[in-house]
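The model shown is predicted, which means the values in this text are computed figures rather than measured ones.
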Amino acid sequence: MLTGRESLSRLIGKRRRFLPNLQSILSLPIRSSLNLLSDKNGGLTETESSKGKVEISSSDLVTCPVCGSKVRGEDYTINSHLDRCLSRRTKRKLTQRTLLELNFGCSQSKLQISSDESEQLLSSDLSKNCSDYEENVTRCFSKIDPREEKSHDQGRQFPHTESVKQIDVAGSAENPISDGRANTMVDFSALSTDNEESRNHMDGTADSISGMAIDTFIVGRKFSDEKEVNLGANISLLRDPDNIKDSNAIKVLSASSACCKGYVISVPKRSLDAVPIQIVCQNSIFNGKKGCDEFEALHLWQKALQVVEFAKNRPPNTTKYQQNFCLLLKEVLTSSPHLFTKDKKKFIESFTSLSEDSQRLFVRLYTRKGPWFRLSTIMYPEICNPQQAVKELSATGYLYLFEDTTKLHDDEMKDLLSLLTVSELRDILCTLRKKCNQGSRKQNLIASLLSCYKGGSCPVLQRLILERTEICIRTSPEAESLFWRAERLFFLNGEQDLSAFLLVDLGIVKYPTYNCIILEQIFSNESDLLAYEEAIEVAQVIDQSLDENNFELVLRCIMIADSRISCCPEKLIDSTSPDLMAIFRSCFSASWVYSKVILLGISFLECERRYKDAIHLLRRLLDCFTCDTRRGYWTVRLSVDLEHIGCPNESLSVAEAGLLDPWVRAGSRMALQRRVLRLAKPPRRWKTPSFSVSLKRKIVEVHIQGRPLNCEAGRKSRFYGEDGEQCGVEQLALQYYAREGGWQGVHTESGIWMTIFGLLMWDILLSDVPNVFRTRFQTAPLDMETDHFYLARKSLIEPQLQKIHDGLAEEILITSWELHMGTACRGVNWDQHSLSDLRAAVSCIRGPCLASLCRHLAQDYSSWSSGMPDLLLWRFHGDYKGEAKLVEVKGPRDQLSEQQRAWLLLLMDCGFNAEVCKVSTTGTSP
């Protein structure tokens with residue numbers, strides 16, 4: 001994969017269906033000093049390239065034998081494309097039958113859900129579970145702590161004092177909404193006045209509550225034996241302690257032998273809607289006739305009153321995903337009203353005035369892949385009348401209907417054709433009297449119809465599609481754009497979407513508790529946000545173009561990014577100034593996004609051996625971004641590319657200048673030092689650099705031999721272990737150390753160290769620092785990978801490091817584990833490492849060594865969070881004393897990377913016992 005591709009894909013997140021600025025990206029002239037679309041003579045290859053569709057002669061294209069796509073005929077391009085295709089280990093797409101036969105099941109305890117799977121989760125699992133939220137069991141009340149929930153809802157009613165708030169999503173107790181306004185502290189105890197009154201009202205004797213009536217609802221009748229609900233029908237309530245989903249559930253019965261009785265006061269129009277009822281506490285139960293004892297009756301009645309108070313602010317018929325979506329919109333409009341025009345705010349606010357069915361249908365369509373949907377296939381149990389909902393959404397501008405008179409672009413026609421089945425596509429081809437191969441795949445049939453449509457020989461294609469699909473709908477571009485903006489402002493990243501709510505609701509993810517102290521807005525005005533959105537569109541276009549092998553459009557996106565950052569270079573930021581917090585806020589700027597596009601473009605150009613163009617872009621990045629930890633990688637690549645074009649003197653000068661840059665760190669600094677030692681030989685340089693002594697330090701090496709299972713170049717080495725089972729080089733090394741020295745350990749690389757760091761520094765990670773916590777779905781502060789993290793918390797970090805230095809790390813680790821077990825936190829992996837392994841590792845590592853390592857991670861997390869040795873080993877000498885060792889394992893054809901070498905030397909400086917274990921095949925000399 002190209003360098004920077006994965007990072008850019010995470011930034012983009014789920015690809016947008018509509019790009020508002022797509023036409024300008026494809027057509028507007030580019031003011032860039034770099035002309036990547038020039039031929040050998042320097043002229044533009046094709047004037048139509050500005051439209052994003054540069055024609056290439058068919059003789060210059062070849063067909064890939066793996067995926068069947070067309071690629072350019074250069075040897076390097078063909079080989080690169082084949083490498084990518086073969087790495088997928090498949091020669092054709094999975095058919096629907098194959099997909100249905102796969103086993104997607106997994107136990108919830110081991111479930112791991114990534115952002116890439118969020119769409120599948122929301123579109124499939126949600127369809128199964130959403131109705132369970134309100135219809136799963138015939139009960140009136142849910143398991144809620146009403147005092148906390150009341151405080152939660154009270155917090156929503158004070159938008160002027162919500163800049164600082166308690167956030168605990170997983171606990172579902174205190175989740176007030178931030179408006180991002182003035183720096184005001186919220187005292188949640190002050191919001192509990194009404195709650196305390198309710199508690200005092202609920203406390204009492206049997207006489208005080210006897211005959212009291214309250215209005216509430218029956219939520220859900222999925223398991224009801226009664227088929228109909230009649231006005232005035234008598235009901236009674238009983239506890240349901242055997243309910244496996246909620247031991248505090250309450251059953252609604254038609255019998256009269258219960259503590260509380262009532263009757264139906266209204267019959268809902270739809271069968272699954274909440275049923276309004278009134279319940280009365282019966283006096284007879286306190287006279288010992290039948291039912292429950294007085295204590296149980298009082299407790300049950302108190303809980304009923306609490307939940308009724310809580311439910312007043314929550315519509316009973318609102319589905320969970322609908323409620324989450326409305327909450328997202330409300331919070332964004334409250335916290336960032338300056339980023340929306342009056343008309344846009346009015347459009348978003350109008351969503352809550354839509355009918356329940358319309359809201360649910362829109363959220364369903366918005367979270368599905370689409371973009372087009374056949375109305376005849378839309379069936380959800382919670383949506384009673386989808387046809388009426390479509391009419392309302394279409395009238396209010398949320399949906400767009402496909403009609404026979406609608407003019408469609410080629411891409412829209414392709415999406416509509418994909419709605420048809422193979423038999424329907426063949427039927428259309430037969431109707432048009434076109435050649436139809438019975439064995440053709442769906443994509444081939446669509447391509448045949450599209451070629452007819454583009455050529456103008458099939459003007460009736462739209463009508464033929466409409467005859468088979470009937471009504472087709474899609475979300476409107478305006479709604480799609482505004483709600484995408486709201487979602488991005490809410491989560492502040494592309495990896496999270498509405499499925500994050502679902503993960504919390506299902507108990508799969510539990511987010512930590514922290515305070516949001518918002519003093520400054522990330523986007524000061526709408527123009528900054530629009531520029532950021534356009535930059536993400538350019539990033540999506542280049543990402544899609546790489547998938548489609550549209551290299552001309554890739555080059556155009558690189559030129560656009562180059563022209564954008566040349567107009568707005570980042571200002572110099574002094575590493576000792578308070579303005580250092582601007583570094584982590586710069587991640588939300590358009591120029592930062594364009595820098596990631598250019599980085600991907602540099603990797604693409606280097607693969608194409610266009611080193612001069614890559615050098616131009618690297619110089620542009622280094623000129624425009626003066627305070628960025630990526631400067632180290634950029635400098636290394638610039639020095640390497642200069643050597644590629646035969647400029648060793650300039651390459652050496654770049655490497656020497658890079659060593660004077662304070663932002664060049666860790667593995668990048670090591671790489672530049674090694675380049676200087678290699679290039680700075682007489683007559684270029686006569687003096688040996690001062691760092692040569694430390695760089696040439698010997699790292700202890702241990703050589704072992706193994707019986708190989710495979711010796712194929714380009715594949716990970718496999719060996720037979722001592723037990724005869726197949727294993728990798730790391731497992732083979734673990735077996736060797738266990739046999740030779742009695743070492744215990746784990747193959748973890750950086751994982752166990754990130755877990756130890758997160759647990760030891762838990763309270764510091766979540767401490768009260770302004771502007772670093774802005775959403776309820778964060779697992780780390782926004783500045784964690786910047787220099788601002790350490791400088792802003794130095795007074796907290798140093799005392800904690802002193803405790804670790806003094807040998808209290810194991811105690812801190814145990815306490816943090818017990819208090820926060822299962823809570824999501826950056827770097828902490830609860831499933832991979834057990835508490836016993838973590839305790840053993842921490843107890844065997846001396847306090848000064850561990851404190852020094854944690855200090856480096858706190859000061860520069862982004863540079864040191866990767867590349868650590870493969871193995872962490874430990875062994876005890878007696879009951880309390882032990883020693884630890886870190887080992888980097890290398891196979892027969894592996895070499896140490898610069899980052900790994902930097903880590904080993906750093907660990908040696910910190911006092912660790914570190915070494916390299918080289919595995920060779922049996923019969924070869926080490």
Checklist line | Face-on cation placement of Arg364 at Tyr321 ring, 6.0 Å and 45° thresholds | finding: yes

Next item on the list: Tell me whether the guanidinium CZ or amine NZ of Arg16 lies under 6.0 angstrom from the six-membered ring centre of Trp484 and within 45° of its axis.
Entry: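 Yes, Arg16 and Trp484 form such a contact.
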
Next item on the list: Would you check, one step at a time, whether the test side chain to side chain contact (heavy atoms under 4.5 Å, CB included) holds for Ile348 with Phe340?
Entry: CA-CA 10 Å; Ile348 295 177; Phe340 298 90; 3.7 Å; yes

Indicate, with yes or no, if the rings of [X] and [Y] have centres closer together than 6.0 Å.
| X | Y | value |
| --- | --- | --- |
| Phe625 | Tyr594 | no |
| Phe777 | Phe491 | yes |
| Phe362 | Phe483 | yes |

Notebook entry, point to check: Between SG of Cys516 and CD of Gln778, what distance do you get to the nearest 0.5 Å?
Noted result: 6.5 Å

Can you tell if the side chain of [X] reaches within under 4.5 Å of the side chain of [Y], non-hydrogen atoms only?
| X | Y | answer |
| --- | --- | --- |
| Arg485 | Arg488 | no |
| Leu853 | Phe757 | no |
| Tyr532 | Ser589 | no |
| Val597 | Ile560 | no |

Are the charged groups of [X] and [Y] less than 4.0 angstrom apart, N to O?
| X | Y | value |
| --- | --- | --- |
| Glu6 | Arg10 | yes |
| Asp860 | Arg665 | yes |
| Arg826 | Glu785 | yes |
| Arg585 | Asp783 | no |
| Arg17 | Glu480 | yes |
| Glu478 | Lys344 | no |

Nearest heavy atoms of [X] and [Y], plus distance in Å:
| X | Y | value |
| --- | --- | --- |
| Phe773 | Ser767 | CE1-O, 4.0 Å |
| Val769 | His788 | CG1-CE1, 4.2 Å |
| Trp830 | Thr823 | NE1-O, 2.7 Å |

Between [X] and [Y], a side-chain donor and acceptor under 3.5 Å:
| X | Y | value |
| --- | --- | --- |
| Thr626 | Arg631 | no |
| Asp343 | Thr341 | no |
| Asn21 | Glu534 | no |

Next item on the list: May I have the step-by-step check of ring-ring contact (aromatic ring centres under 6.0 Å, His included) for Tyr366 and Tyr398, ending in yes or no?
Entry: CA-CA 10 Å; Tyr366 176 75; Tyr398 286 91; over 10 Å; no

